[in-house]
Amino acid sequence: MAPLARMAPLRIAEQVAAHLPPADFVGRVEVARPGYINLTLDEGWLARQVETILAAGDRWGAVDVGRGERIQVEYVSANPTGPLTVGSGRNAVLGDGLASVLEAAGYRVQREYYVNDAGSQMQKFAETLYARYAQALGHDIPIPEDGYRGSYMVELGRAIAQEEGERYLQMDRDRAVEALRDEGLRRMLETIREDLALLGIHFDRWFSERSLYEDGTFETVMQLLRERGYLEEREGAIWFKATLLGSDKDEVVVRSNGEPGYFASDIAYHYDKFVRRGFDRVIDVWGADHQGHVPRMKAMMKALGLDPDRLIIVIYQLVTLTREGVEVRLSKRTGEIVTLRELVEEVGPDAVRFFLLSREANSQMEFDLSLAKQESEKNPVYYVQYAHARIASILRKAAADGWEATSDRGDVTLLTHPGELALIRKMLELPEVVALSARQMSPHFLPHYAQDLAAAFHAFYRDCRVLDPANEALSYARLKLVRTAKQVLARTLGLMGMSAPETM
RNA sequence: GCCCCCGUAGCUCAAAGGAUAGAGCGUUUGGUUGCGGACCAAAAGGUUGCAGGUUCGAGUCCUGCCGGGGGUGCCA
């Protein structure tokens with residue numbers, strides 16, 4: 001503005017400040033170099049917000065960024081060929097946190113898990129299972145060359161052998177493999193569902209990849225792409241001409257052996273999401289190892305005549321586990337992986353949620369097992385939950401001492417101490433944090449906010465005694481303040497999928 | 001080789017193109033005749049990987065380089 005107005009920035013700021021319309025929430029207005037206008041919230045207004053926040057209840061933090069848009073968050077979607085890994089855990093926590101924050105931000109959210117129950121990996125899984133099952137019954141059948149080597153497959157084969165006997169051996173091999181595929185899939189999905197439930201994660205829908213082939217969606221989409229000239233047969237395979245749409249290479253859709261590849265499913269699946277089910281936007285949460293697929297997905301959107309910006313792909317980087325500062329090596333080759341379940345059992349669901357959520361998706365992160373399970377002041381999980389439990393304790397004491405702890409008594413305008421006002425300011429930030437997280441599709445702001453909020457409470461607690469028989473009016477005002485703080489802490493923990501303990 | 005992500009305090013990480021780059025841990029030093037000390041306060045600790053550029057203003061945007069991770073399959 002300075003060149004336009006031919007005025008020094010500081011002068012402009014002074015002029016603007018002088019002409020600001022008065023508002024009840026504005027306290028001091030100050031101008032600072034080189035041209036800032038600082039507005040300070042009016043303290044009386046701040047104090048009154050306690051009533052507003054308390055009355056909002058669980059809706060505090062709700063904003064309307066989404067304007068009721070229908071949005072689908074598809075996450076985890078790990079192949080049902082093995083147990084969930086720590087990496088799947090990051091996916092689960094990010095996806096679920098994002099879904100929660102989007103709900104709070106005014107979107108209509110659907111949580112979905114895409115089950116890869118078609119394709120070559122499933123076939124490999126079935127053949128491995130057939131071998132492990134047969135082995136459990138004393139037959140010397142080797143697992144396939146590139147089969148699944150993990151010990152969980154041995155256990156799965158043994159479990160089926162024990163519970164169902166030799167019935168699969170009595171079928172011919174191909175039929176047995178197919179039947180075991182379905183039985184193994186059912187059991188793997190059950191395990192995955194349980195593992196996720198340990199973290200409090202539940203999906204609205206489990207979407208079968210195979211169904212895309214069974215209900216004709218795949219054929220419909222192929223027809224569409226063919227008509228539009230995006231398909232081409234070359235060397236016996238059918239290619240998607242992604243280069244026509246800005247991608248750097250074409251992609252195989254149907255392999256020369258006649259089998260559709262995973263990209264074929266992805267096209268049909270996203271057609272179903274956008275065209276059939278009509279989601280305004282779709283979020284896919286993917287590990288960094290799938291990052292190379294993004295351009296072809298964007299090309300696919302264009303080919304389907306859809307705005308590529310409606311598909312948001314959140315990529316998260318891989319997780320390194322450490323214990324006592326030493327990296328815990330994972331070996332896929334031997335099948336010795338650290339599973340999500342082991343992690344949850346070792347450090348607890350709240351710590352898993354908090355730590356996996358607290359890093360921005362696009363950063364590689366380290367998960368410190370020793371820290372996460374430590375029940376001490378070093379652990380930020382306990383720091384936040386402790387604030388909640390401490391308030392609960394105050395409220396218990398208040399009730400025991402005869403205070404009307406849950407009544408509406410309490411004049412919040414008595415709240416003028418800097419510690420009280422700082423706590424109120426922090427509580428007022430929650431809607432902004434929700435809006436920011438939704439706009440940036442980054443739930444990692446929540447754990448940081450939770451720590452700040454807890455810190456504001458602990459600092460208040462040091463300076464301000466809540467229950468003081470010598471000052472009943474102030475005590476009731478503060479009781480109302482801490483009830484409000486408890487509610488905001490619980491809400492924040494809830495958005496992160498964590499528990500808010502009354503005692504610890 | 002080419003493509004994507006990351007590089008910020010000793011460590012793990014924040015930071016919406018804006019002011020003096022912030023937390024936690026670790027280190028040092030203090031704090032409770034009282035509601036939960038799993039708490040609080042203070043101090044020390046930084047050339048934001050390096051070199052250029054754009055901008056009134058860059059940790060943030062652009063170019064090149066260095067380092068780490070991922071991708072680059074008719075696997076997912």
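At B/rG37, one or more side-chain N or O atoms of A/Y461 fall inside 4.0 Å of OP1 or OP2 (strictly under the cut-off). Between A/R255 and B/rG73, a side-chain N or O to OP1/OP2 separation shorter than 4.0 Å is absent. In this model, the phosphate group of B/rG36 is not approached by any side-chain N or O of A/H458 to a distance below 4.0 Å at OP1 or OP2.
Checked against B/rC74, B/rG70, B/rC75, the side chain of A/Q121 finds its nearest nucleotide in B/rC75. Checked against B/rC35, B/rC5, B/rA38, the side chain of A/K397 finds its nearest nucleotide in B/rC35. When distances run from any side-chain atom of A/V466 to the nucleotides B/rC74, B/rC35, B/rA14, the shortest one goes to B/rC35. Here the nucleotide nearest the side chain of A/Y386, chosen from B/rA15, B/rC39, B/rC13, is B/rC39. The side chain of A/K378 has B/rC25 as its nearest neighbour among B/rG70, B/rC25, B/rG36. Which of B/rG70, B/rA41, B/rA14 sits closest to the side chain of A/A459 comes down to B/rA41.
Heavy atoms of A/D368 sit nowhere under 4.0 angstrom from any nucleic acid atom. Using a 4.0 Å heavy-atom cutoff across all strands shown, A/E251 reaches no nucleic acid atom at all. At the heavy-atom level, A/S120 lies under 4.0 Å from the strands shown only through sugar-phosphate atoms. At a threshold of 4.0 angstrom between heavy atoms, the contacts of A/A389 include nucleobase atoms, whether or not backbone atoms are also involved. Contact annotation for A/E209: no contact, since no heavy-atom pair falls under 4.0 Å across all strands. Among the heavy atoms of the strands lying under 4.0 Å from A/Q440 are primed sugar atoms or P, OP1, OP2 only; no base atom is included. Residue A/T503 is in base contact, counting any heavy-atom pair closer than 4.0 Å across all strands shown. A/H290 comes within 4.0 angstrom of a nucleotide base, judged by non-hydrogen atoms across all strands. Residue contacts for A/L436: at a heavy-atom cut-off of 4.0 Å it reaches a base atom on one of the strands shown. A/A237 comes within 4.0 angstrom of a base, heavy atoms only. Counting non-hydrogen atoms under 4.0 angstrom, A/F445 reaches the backbone sugars and phosphates but no base. As judged by a 4.0 angstrom heavy-atom cut-off over every strand, A/Q291 is placed among the base-contacting residues.
As the counterpart of B/rA21, no nucleotide is assigned, since no Watson-Crick or G-U wobble pattern has both distances under 3.5 Å. The pairing partner recorded for B/rC61 is B/rG53, the criterion being a Watson-Crick or G-U wobble arrangement whose two distances lie under 3.5 angstrom. The partner of B/rA38 is absent, by the rule that a Watson-Crick or G-U pair needs both atom distances under 3.5 Å. When both pairing distances are held under 3.5 Å, B/rU27 makes a Watson-Crick or G-U pair with B/rA43. Figure legend. B/rG1 is base-paired to B/rU72; pairs are counted as Watson-Crick or G-U wobble with both atom distances under 3.5 Å.
Side-chain N/O atoms of A/Q317 and base N/O atoms of B/rG70 include no donor-acceptor pair closer than 3.5 Å.
Taking atom P on both B/rA14 and B/rC6, the two are 11 Å apart, rounded to the nearest angstrom. One C1' atom belongs to B/rA21, the other to B/rG46, and the distance between them is 9 Å to the nearest Å. Comparing B/rC62 with B/rC4, their P atoms are spaced 11 Å from each other, to the whole Å. A distance of about 13 Å separates the P atoms of B/rC11 and B/rG49, rounded to the whole Å. Separation of the C1' atoms belonging to B/rG18 and B/rG57 is 7 Å when rounded to the nearest angstrom. Here the separation of B/rA43 from B/rC3, taken at their C1' atoms, is 47 Å to the nearest Å. Between the P atoms of B/rG59 and B/rG22, the separation comes to 12 Å (whole Å). Rounded to the nearest Å, the gap between the C1' atom of B/rA44 and that of B/rC25 is 15 Å.
A salt bridge does not link A/E233 with A/R226: every distance from a Lys NZ or Arg NE/NH1/NH2 to an Asp or Glu carboxylate oxygen is 4.0 Å or more. Between A/D182 and A/R210, at least one side-chain nitrogen of the basic residue sits less than 4.0 Å from a carboxylate oxygen of the acidic one, meeting the salt-bridge criterion. A salt bridge links A/K426 with A/E429; the closest basic N to acidic carboxylate O contact falls under 4.0 Å. Checked for salt-bridge contact, A/K273 and A/E112 miss the test: no charged N lies under 4.0 Å from a carboxylate O. Salt-bridge formation is detected for the pair A/R234/A/D250: a Lys NZ or Arg NE/NH1/NH2 atom is positioned less than 4.0 Å from an Asp or Glu carboxylate oxygen.
Both A/L371 and A/G236 lie near RNA chain B, and the one whose nearest nucleotide falls closer to the 5' end is A/L371. Two residues, A/V433 and A/F367, neighbour RNA chain B, and the one matched to the more 5' nucleotide by heavy-atom proximity is A/F367.
The closest donor-acceptor contact from the side chain of A/D401 to the backbone of A/W403 lies at 3.5 Å or more, if one exists at all.
Atom CE of A/M365 and atom C1' of B/rG70 are 17 Å apart (whole Å). Distance A/I313 CD1 to B/rC5 P: 14 Å, rounded to the nearest Å. Separating the CZ atom of A/R465 from the C1' atom of B/rU33 is a distance of 12 Å, rounded to the nearest angstrom. Rounded to an integer number of Å, the gap from CD1 of A/I12 to C1' of B/rC56 is 11 Å. The distance from atom CG of A/N79 to atom P of B/rC75 is 14 Å, rounded to the nearest whole Å. Regarding A/E360, its CD atom lies at a distance of 14 Å from the P atom of B/rU8, rounded to whole Å. Residue A/I391 contributes atom CD1, which lies 16 Å from atom P of B/rA38 at whole-angstrom precision. Here B/rU8 presents its C1' atom at 15 Å from CD of A/Q364, a figure rounded to the nearest Å.
Classified by interplanar angle (parallel below 30°, tilted 30° to 60°, perpendicular above 60°), the ring pair A/F203/A/Y75 is tilted.
Geometric assessment of A/R296 against the ring of A/F240 yields a negative cation-pi assignment under the 6.0 Å and 45° thresholds.
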message = Could you walk me through whether A/F263 and A/H293 satisfy the ring-ring contact (aromatic ring centres under 6.0 Å, His included) test, starting with their C-alpha distance in whole Å, then the side-chain angles of each, then the deciding distance to 0.1 Å, before giving a yes or no?
response = CA-CA 9 Å; A/F263 184 52; A/H293 302 183; 8.3 Å; no
request  = Any chance you could lay out the side-chain hydrogen bond (donor to acceptor under 3.5 Å, both in side chains) test for A/T217 and A/Y269, step after step, and finish with the verdict?
outcome  = CA-CA 8 Å; A/T217 307; A/Y269 184 34; over 6 Å; no
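With hydrogens and angles left out, the side-chain atoms of A/H290 and A/D284 include no donor and acceptor closer than 3.5 Å. A/D350 and A/Q385 share a side-chain donor-acceptor pair at under 3.5 Å.
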Enumerate the protein-to-nucleotides 18-20 of chain B contacts in which both atoms are nitrogen or oxygen and the separation is below 3.5 Å.
unit_1: B/rG18; atom_1: O2'; unit_2: A/Y36; atom_2: OH; d: 2.2
unit_1: B/rA19; atom_1: O4'; unit_2: A/Y36; atom_2: OH; d: 3.4
unit_1: B/rA19; atom_1: N6; unit_2: A/N38; atom_2: OD1; d: 2.5
unit_1: B/rA19; atom_1: N1; unit_2: A/N38; atom_2: OD1; d: 3.1
unit_1: B/rA19; atom_1: N1; unit_2: A/N38; atom_2: ND2; d: 3.0
unit_1: B/rU20; atom_1: OP1; unit_2: A/R33; atom_2: NH2; d: 3.4

